[in-house]
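Shown next, in structure tokens, is the structure this report addresses.
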Amino acid sequence: MNRILYHGSSNIIEKPIFGIGNHHNDYGLGFYCCANIELARQCASRTSGNGFVNKYHLRDDRLSILDLTSGDYNNVLVWIALLMKNRTITQNLQKQYKRELDYLFNNYLIDTKRYDVIIGYRADDAYFKFPESFIRSQITIDSLNKIYKAGDLGKQYVLMSQRAFNLIKFDGYELSDITDKEEYYKRKSQADKKYSELIEKSRYVKGERLIDLVSDHV
């Protein structure tokens with residue numbers, strides 16, 4: 001299948017380079033793209049208000065793909081385990097909730113090294129508060145699932161292997177501007193509002209939380 005993908009950046013990237021980037025993104029080191037051009041526009045503009053939306057074609061029929069948005073791995077706990085393993089979290093969270101994190105890693109963490117591409121939801125800064133609150137058992141599994149399934153997060157396609165990098169082809173770029181930055185912060189504001197409402201509601205909602213899973217497992 002020939003996918004059209006976008007990568008929002010402050011630079012034009014004609015040839016993504018394997019092994020370059022941030023190890024602490026959602027799914028580790030890789031080249032992060034999305035199929036939604038509007039999300040790419042927001043990503044490109046969120047800092048300076050101007051940027052580039054790089055467009056690519058990817059032939060993925062010869063690639064090993066891990067799709068976390070469908071099938072057996074479409075599980076919010078699998079997603080949380082990967083986020084907590086890869087993203088930078090505070091030392092306080094690591095120490096205070098070590099038992100909860102160990103439970104997730106031991107039961108839900110997937111070895112992603114054998115895959116060329118990962119398709120998964122994106123937990124950008126606007127939405128990363130939700131997973132952290134789940135680790136603290138401030139929100140229920142059901143509440144987190146509603147956020148996970150709602151589509152607000154958006155899907156991302158992450159190139160993980162040299163083989164995948166060899167098969168992606170640059171197809172030009174578009175400019176993003178200040179209106180895209182405004183859309184990014186509007187989306188962030190909506191996420192903040194949703195987060196506040198969920199935390200307030202969760203105080204009075206009965207339901208299974210991570211601490212319950214851990215306690216049942218002991």
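The aromatic ring centroids of His7 and Tyr32 lie 6.0 Å or more from each other.
Inspection of the Ser70 and Asp67 side chains reveals an N or O donor paired with an N or O acceptor under 3.5 Å.
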- prompt: Does the side-chain contact (heavy atoms from CB on, under 4.5 Å) test come out yes or no for Ile141 and Phe134, once each step is laid out?
  reply: CA-CA 7 Å; Ile141 296 174; Phe134 176 72; 3.5 Å; yes
message: Evaluate Leu29 against Ile20 for side-chain contact (heavy atoms from CB on, under 4.5 Å), listing each step before the verdict.
response: CA-CA 8 Å; Leu29 180 63; Ile20 300 296; over 6 Å; no
- request: Apply side-chain hydrogen bond (donor to acceptor under 3.5 Å, both in side chains) to Asp177 and Thr179, showing your working.
  value: CA-CA 6 Å; Asp177 56 36; Thr179 59; 2.4 Å; yes
query: Could you walk me through whether Leu104 and Val78 pass the side-chain contact (heavy atoms from CB on, under 4.5 Å) check?
result: CA-CA 8 Å; Leu104 289 172; Val78 170; over 6 Å; no
- request: Please lay out, stage by stage, how Tyr115 and Ser64 fare under the test side-chain contact (heavy atoms from CB on, under 4.5 Å).
  value: CA-CA 5 Å; Tyr115 295 98; Ser64 175; 3.3 Å; yes
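Under the side-chain contact (heavy atoms from CB on, under 4.5 Å) test applied with Trp79, the options Tyr27, Tyr73, Tyr108 reduce to a single match, Tyr27. Exactly one of Glu183, Glu182, Glu174 qualifies for a salt bridge (charged side-chain N to carboxylate O under 4.0 Å, His left out) with Arg41. That residue is Glu174. Screening Thr69, Asn36, Leu68, Leu39 for a side-chain contact (heavy atoms from CB on, under 4.5 Å) involving Lys155 leaves a single residue, Thr69.
Environment of NZ in Lys15: crowded, with over 12 heavy atoms of neighbouring residues, nucleotides or ligands closer than 6.0 Å.
Between the side chain of Asn54 and the main chain of Asn11, a donor-acceptor pair closer than 3.5 Å is present. Put simply, the side chain of Ser143 never gets that close to the backbone of Ile139: no donor and acceptor are under 3.5 Å apart. In this structure a side-chain-to-backbone donor-acceptor pair under 3.5 Å is present from Asn86 to Leu82. A donor-acceptor pair under 3.5 Å is absent between the side-chain atoms of Ser45 and the main chain of Ile178, judged by distance alone. Between the side chain of Ser176 and the backbone N or O of Gly51 there is at least one donor-acceptor pair closer than 3.5 Å. Side-chain atoms of Asp212 come within 3.5 Å of backbone N or O of Arg209 as a donor-acceptor pair. Ser9 places no side-chain N or O within donor-acceptor distance of the main-chain N or O of Ala44, the cut-off being under 3.5 Å.
A cation-pi arrangement, defined by a distance under 6.0 Å to the six-membered ring centre and an angle within 45 degrees of its axis, is present between Lys85 and Phe105.
Within the model, atoms CE of Met160 and CD1 of Ile65 stand 13.0 Å from one another, a figure rounded to the nearest 0.5 Å.
Classification of Arg87 and Asp26 as a salt-bridged pair holds, one side-chain N sitting under 4.0 Å from a carboxylate O. A salt bridge does not link Lys169 with Asp171: none of the charged nitrogens is closer than 4.0 Å to a carboxylate oxygen.
The side-chain hydrogen bond (donor to acceptor under 3.5 Å, both in side chains) test applied to Asp116 returns Ser161, not counting sequence neighbours.
Placement of Leu83 and Tyr157 in two distinct hydrophobic clusters is found when ILVMFWY residues are connected by side-chain heavy-atom separations under 4.5 Å, directly or transitively.
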